[in-house]
Amino acid sequence: MEKEFENVCFGNCYGTCRMKTSVQDGHIVNIAGDPHAPFTKGVLCVKGYSFPHLYSSPERLLYPLKQHSKGSGKWERISWEQALTEIAHKLINIKNEEHNLLSVCLDKYPGSVRVLNQTVEAFFRSIGFVTFMNGSPCNSAGLDASILSYGSCKKPSPFDMANANLTIVWGGNPAWTLPHQMKYIYESRKRGGLLVVIDPYLTATAARADLYVQIKPGTDGLLALGMGRILFDEHLLDENFLHNHTSGWENFRSCLQEVDLKTVSELTGVSIDDLFNLAILYGQIKPATIWLGIGAQNHLTGGQNYRAIHALAAMTGNIGIPGGNVHYTTTEIIKQFDTFNNIEPPADSVGYNITGGHRKISTGRFSHFVNLSPPLRFLWISERNPVAQDPDSSNVKDVLKSIETVIVADTTLTTTAQYADYVLPVATFLEQEEVVISKWHYAVALNEQTLPPPGECRSDFEIMRDLALKLNTLAPGFSTFPTSRTADDWIDLALREKIYALLGIHHYRDLLGKYFALDIPPVPWNDFRFATASGKYEFETTHPVGINASSLPIPTKISQPSSAYPIQLISVRSSMMLNSQFGQLIKIIDPAENCVLLNPLLAKEKNITEGDEVCIYNSIGQIFLPAALTHSVPQDIVIVNVNSEVNKHHELNSLISLQETDLGAHSCEVPGMAFKNCYINLYRNRTE
Ligand SMILES: Nc1nc2c(c(=O)[nH]1)N[C@H]1C(S)=C(S)[C@@H](COP(=O)(O)OP(=O)(O)OC[C@H]3O[C@@H](n4cnc5c(=O)[nH]c(N)nc54)[C@H](O)[C@@H]3O)O[C@H]1N2
Ligand SMILES: Nc1nc2c(c(=O)[nH]1)N[C@H]1C(S)=C(S)[C@@H](COP(=O)(O)OP(=O)(O)OC[C@H]3O[C@@H](n4cnc5c(=O)[nH]c(N)nc54)[C@H](O)[C@@H]3O)O[C@H]1N2
Ligand SMILES: [Mo]
């Protein structure tokens, strides 16, 4: 008998796709997009359709593993009983020796907004004061740009993009990273709307644009200032909006009057003609919307660049109107439910300083972790792959090796898991009940358990609960985690206070078969009351922006290549992967995706032909990839996909040093990371 289930993908992406999954005799016989899902409308991405394969993939971890010496590859299958007992003893020993647990650390970044999964953080709070990694490896510089401009990072409904008469996709590639959004862009185009793409690389989205602007990486703020100057000179400003709803305009205007368009053109690589075309299109076509991707803010001045782009929307009055605004991610959703922050530590917990409290360290800064006092002795990694995704992979490995106990909870033996002492096999979304809230289109949906976890896999929640039980057996009172609470109880508790009332439901299972979404206004700021100190859109901020940054939306530096490493490496997302995940798909569908893209002129200069193995190197690392020649990439840039688990021994991020973005601390307490600011050189690897 075939049975159908409702699922929601909880990958770290914007889609949060609803699916219908048919199961027969314990096997998935069909997986398809839910045709009634308002945003995704029945379509999945290639990864979504591959989930049945993932469930039974030979790479899937099925049992707890213990490694004898990190990185040695000498794995032993152990029982959960052994894994939990040994891990519990490590925690108990640390507390006995140090009288606090600050050397215990959690590294977790789900990306998607999941409810039950918050129990992982809850577990760590339940054992005492520990160390949490905070900050985001993703979008924080851009979030700060929103906060400094509007006071908070509200975003328009993605459906509203269909109402735009001009859409500028700036530093994003939705055709690959959020294919569902393309149909709203196409709706606008069907009505005669135009699509402009600004990107150093002629992406799949750019290929569909009416105007493609090839910009030099990291110079977006300058381009925006150039456009601002033209808008001013050509009298394309919304004086009413500027006068009534903004502050700091006079100072910003004075700076715009100083902008030299020739210099802008030289530094951005955008011709004067294109600069004028772009500014005039944006100034004349109403309403005009801008989609800010994540790509253009992972640069040294990414935050200021994004502020300068928002300023264009304010100058033209494209804020608070349907079809206008700037689309960027938001952190607002997490505030809508209880994230179990009230789990109290045990009474005997001793904090690091007199006032107690958890220690916070900045995500991704592994090189800083070696100097911590007290040092890190126990690291739990969940929903993260730091060796693949954080800066300077070689250093991340060294630091992992230096930590006494590293535990990775994951579905496969990732590059990070290879530097773990214990690897715990987790259940995927198909194997557990969960409520997921979309951070892009705000849908609140129930994901049903569809299959039993394979082998001995357990959900993250079960692992934490079982560890709490084990700890309390070995050392009574060690954890205050309410171990008798079921998964249902936790989800119910999280949603009971706010979400039930907001959606008019009585229990989270009422979500099944329904299409609820949080009622967030589709057009933010339509009352023109901004959340800033002045209550206005702020060109000039009174918030601290860092020593070298301006209170106005003006980037103050541009990174330059050196003669040793004259080529910029930009890492982009693959349509077939989700960050480091789904590398198997590339192997099966298109191995050519796993290569370095080079301009034929650069290839000629380096004596490289299609398919040659290329060594890409800089002062911190080297990787080898086959060459693919394309005119989509300029001569001084190469494009590589964000790390692929296919390339286990050639980690892209071994070339990417730790550099911070200018902003990020307002939204995420620490600045972002400038992953795209990477310079390299390359040669054809002669193997003959
Ligand atoms: N298929 C797929 N979808 C995903 C993901 C995935 O890995 N695969 N990851 C998810 C995650 S975590 C994220 S954060 C989002 C990211 O989503 P996007 O922002 O769409 O993705 P990226 O490929 O990182 O960057 C987008 C573009 O920015 C361009 N870019 C780089 N530097 C600059 C610059 O200085 N200026 C300009 N104008 N453009 C620049 C790159 O060339 C690239 O084409 O996607 C999510 N969705
Ligand atoms: N070079 C370069 N580096 C980058 C970027 C870039 O553009 N260029 N982009 C940055 C960005 S935007 C981001 S968001 C980060 C992403 O960095 P990460 O979040 O570290 O990347 P993912 O590959 O998504 O890793 C998530 C891991 O969690 C596992 N996982 C999935 N579901 C679950 C679950 O339910 N439980 C548990 N325990 N594990 C699970 C997956 O199998 C995977 O191994 O990378 C950043 N790094
Ligand atoms: Mo991200």
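What you see is a predicted model, and the numbers here were worked out from it, not measured in a lab. Each ligand, and each atom within it, is numbered from 1 in the order the structure gives.
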Need the ligand 1 atom indices (1-based, order shown) with element for anything under 4.0 Å from a heavy-atom of [X].
X: D220; value: 34 (C), 35 (O), 36 (N), 37 (C), 38 (N)
X: G218; value: 34 (C), 35 (O)
X: T203; value: 44 (O)
X: K47; value: 1 (N), 2 (C), 3 (N)
X: G171; value: 19 (O), 26 (C), 27 (C), 28 (O), 37 (C), 38 (N), 39 (N)
X: S575; value: 1 (N)
X: G293; value: 19 (O)
X: W170; value: 38 (N)

Check: Does any N/O atom on K216 come nearer than 3.5 Å to any N/O atom on ligand 1?
Finding: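 Between K216 and ligand 1 (N or O atoms, distance only) the closest approach is not under 3.5 Å.
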Margin query: With nothing but distance in play, are any N or O atoms of I198 less than 3.5 Å from an N or O of ligand 1?
Written below: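 Yes: some nitrogen or oxygen of I198 is under 3.5 Å from one in ligand 1.
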Checklist line | Cation-aromatic face contact K155/W440, 6.0 Å, 45 degrees | finding: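 Geometry flag: set, cation within 6.0 Å and 45°.
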Next item on the list: Using a strict cut-off of under 4.0 Å between a residue heavy atom and any atom of ligand 2, list the qualifying protein residues by chain and number.
Entry: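 For ligand 2, the residues that come within the 4.0 Å heavy-atom cutoff are N12, Y109, R114, P137, C138, S382, E383, R384, N385, Q389, A409, D410, T411, T414, V426, D460, S571, R573, L578, N579, S580, Q581, V642, L652, N653, I656, F675, K676.
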Check: Side chain, backbone, both or neither: which part of C45 has a heavy atom under 4.0 Å from ligand 1?
Finding: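 Contact part for C45 vs ligand 1: neither.
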Next item on the list: Please round to the nearest 0.5 Å and tell me the distance separating atom OG1 of T412 and atom CG of L61.
Entry: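 Reported to 0.5 Å precision, the distance equals 6.0 Å.
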Next item on the list: Please name all residues satisfying side chain to side chain contact (heavy atoms under 4.5 Å, CB included) with E660, sequence neighbours left out, ordered by chain then number.
Entry: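 With sequence neighbours excluded, E660 shows a side chain to side chain contact (heavy atoms under 4.5 Å, CB included) to R365, P671, given in chain and number order.
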Throw together a table of side-chain donor-acceptor distances under 3.5 angstrom for residues 214-222, partners on residues two or more places apart or in other chains.
{"unit_1": "Q214", "atom_1": "NE2", "unit_2": "P200", "atom_2": "O", "d": "2.9"}
{"unit_1": "Q214", "atom_1": "NE2", "unit_2": "Y212", "atom_2": "OH", "d": "3.2"}
{"unit_1": "T219", "atom_1": "OG1", "unit_2": "K216", "atom_2": "O", "d": "2.6"}
{"unit_1": "D220", "atom_1": "OD2", "unit_2": "W170", "atom_2": "NE1", "d": "2.7"}

Check: When the ring planes of F123 and W380 are compared, do they come out parallel, tilted or perpendicular, using 30° and 60° as the limits?
Finding: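 Tilted, since the angle between the ring planes falls between 30° and 60°.
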Next item on the list: Can you label the angle between the Y617 ring and the Y565 ring as parallel, tilted or perpendicular, going by 30° and 60°?
Entry: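 Correct class here is perpendicular.
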Notebook entry, point to check: Is there a donor-acceptor pair under 3.5 Å between the side chain of D392 and the backbone N or O of S657?
Noted result: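 Looks like no, no N/O pair under 3.5 Å.
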Item checked: Any side-chain donor near an acceptor of the partner, T301 and D662, under 3.5 Å ->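 Their side chains do not contain a donor-acceptor pair, so the 3.5 Å distance test is not met.
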Check: For the residue pair I87 and I407, what are the closest heavy atoms and their distance?
Finding: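 Where I87 meets I407 most closely, the heavy atoms are CG2-CD1, 3.6 Å.
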Next item on the list: Quickly, which of W490, F340, F124 forms a ring pair (Phe, Tyr, Trp, His ring centres under 6.0 Å) with F481? Name it, please.
Entry: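 Answer to the ring pair (Phe, Tyr, Trp, His ring centres under 6.0 Å) test with F481 among W490, F340, F124: W490.
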Margin query: Taking salt bridge (charged side-chain N to carboxylate O under 4.0 Å, His left out) as the cut-off, I'd like each qualifying pair that reaches into residues 410-421, sequence neighbours left out, listed once.
Written below: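 Counting only pairs at least two positions apart or across chains, the salt bridge (charged side-chain N to carboxylate O under 4.0 Å, His left out) contacts touching residues 410-421 are K70-D421.
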